[in-house]
Amino acid sequence: MAAAIVMIFLVAPEDADQGLSQKIFYFHVPIALTAYAGFGLGAWKALRVLWTRGERYDLESYSAIHQGTIFGALTLITGAIWAKASWGVWWTWSSNQLVLFLVLFLFYCAYFMLRFSLEPGPRRERISAVYALFGVALIPVSFFAIRLANDFIHPTVFTREGPQMTGTMFTAFCVAWAAILMLAYLMYRVELAGKRTDAYLRDLREALTA
Amino acid sequence: VSAAEKYVAAAYGVVFVFVLVWVAIIAAKLARLEREAAELAELARARRPEA
């Protein structure tokens, strides 16, 4: 993370068009991609739940979606700040990329409402897994919306011709993305360990008080 | 301080605050788990027959 900060602020040149506010890109885009990764991992684990009926995958799916939602919230906040700096508005409903990401985020917020409205057990695991798998279909729609709809508001940096930035900028972006991905994975593992320990202690309490 | 500098500081500050809040929540959870584990250890000791 320290290397990413150094690369972003001391090595990568300032953008000729947007100036200093373009520096938000180095955190905003990796955070958004990490949110997609969290949702994707959650869906993969959900598929394992349905495939193997493994209880551990349910907890892994839940933790991954939780991380995706945290990073999704950060994407919306940092995106709004960047929008204000670049376009002069916090939000615009005319950008498909923004609206679709908001839909994706709200869809996964509803995942938690659904999950906590059901009694713990195999039924909750199955319903949560099916919901998580439905959500993953929104990821490519959200990701490619900007290209499909000719959205002129939200910038397209990664095109078929490659990244539209200098080599140093791209290196800074890659370092920042690696740092954010590592942070997200660390958060996922710590959260998962906490939830598993919680479950073990609950089982132990039941065994001791029986 | 220019407007762009304020926005960049705000964007990076939000990420920092989010991570800080997450660490605080995990720290509180860890303290709770430690307390519960200590209670269960006490319970297990109390149930153990005298040697």
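Nothing here was measured: the structure is a model prediction, and the numbers come from that model.
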A/F116, CZ atom: more than 12 neighbouring heavy atoms under 6.0 Å
yes
Query raised in the report: Are there more than 12 heavy atoms of other residues, nucleotides or ligands under 6.0 Å from atom CZ of A/F112?
Result: yes
Mind jotting down which residue pairs meet the salt bridge (charged side-chain N to carboxylate O under 4.0 Å, His left out) criterion with at least one end in residues 169-183 of chain A? Sequence neighbours excluded, please.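 As it turns out, there is no salt bridge (charged side-chain N to carboxylate O under 4.0 Å, His left out) pair with a partner in residues 169-183 of chain A once direct neighbours are skipped.
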Salt bridge (charged side-chain N to carboxylate O under 4.0 Å, His left out) pairs touching residues 164-186 of chain A, sequence neighbours excluded, are none
Cut-off 4.5 Å, heavy atoms of chain B, and the answer for A/L20 is both
For a 4.5 angstrom cut-off between non-hydrogen side-chain atoms, does [X] reach [Y]?
X	Y	answer
A/V136	A/F39	no
A/L33	A/F71	no
B/I25	B/V21	yes

Heavy-atom donor-acceptor pairs under 3.5 Å, chain B with chain A:
unit_1: B/Y12; atom_1: OH; unit_2: A/K23; atom_2: O; d: 2.6
unit_1: B/R32; atom_1: NH1; unit_2: A/D198; atom_2: OD1; d: 3.4
unit_1: B/R32; atom_1: NH2; unit_2: A/D198; atom_2: OD2; d: 3.3
unit_1: B/E39; atom_1: OE1; unit_2: A/R205; atom_2: NH2; d: 3.1
unit_1: B/R47; atom_1: NE; unit_2: A/L208; atom_2: O; d: 3.4
unit_1: B/R47; atom_1: NH1; unit_2: A/L208; atom_2: O; d: 2.3

Next item on the list: Side chain from CB out, backbone as N, CA, C, O: work out which of these in B/V19 comes under 4.5 Å of a heavy atom of chain A, or both, or neither.
Entry: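 Side chain of B/V19 only, per the 4.5 Å heavy-atom cut-off to chain A.
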Which answer fits B/I26, side chain, backbone, both or neither, if we ask what part of it has an atom under 4.5 Å from a heavy atom of chain A?
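Contact with chain A is through the side chain of B/I26 alone.
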If you tally heavy-atom pairs under 4.5 Å between each of A/I8, A/I180, A/I5 and chain B, the highest tally belongs to A/I8
Applying side-chain contact (heavy atoms from CB on, under 4.5 Å) to A/A179 and not counting sequence neighbours gives A/M1, A/A4
Please determine, among B/A10, B/A11, B/A44, B/A37, the option with the most heavy-atom pairs under 4.5 Å with chain A.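 The candidate making the most pairs under 4.5 Å is B/A11.
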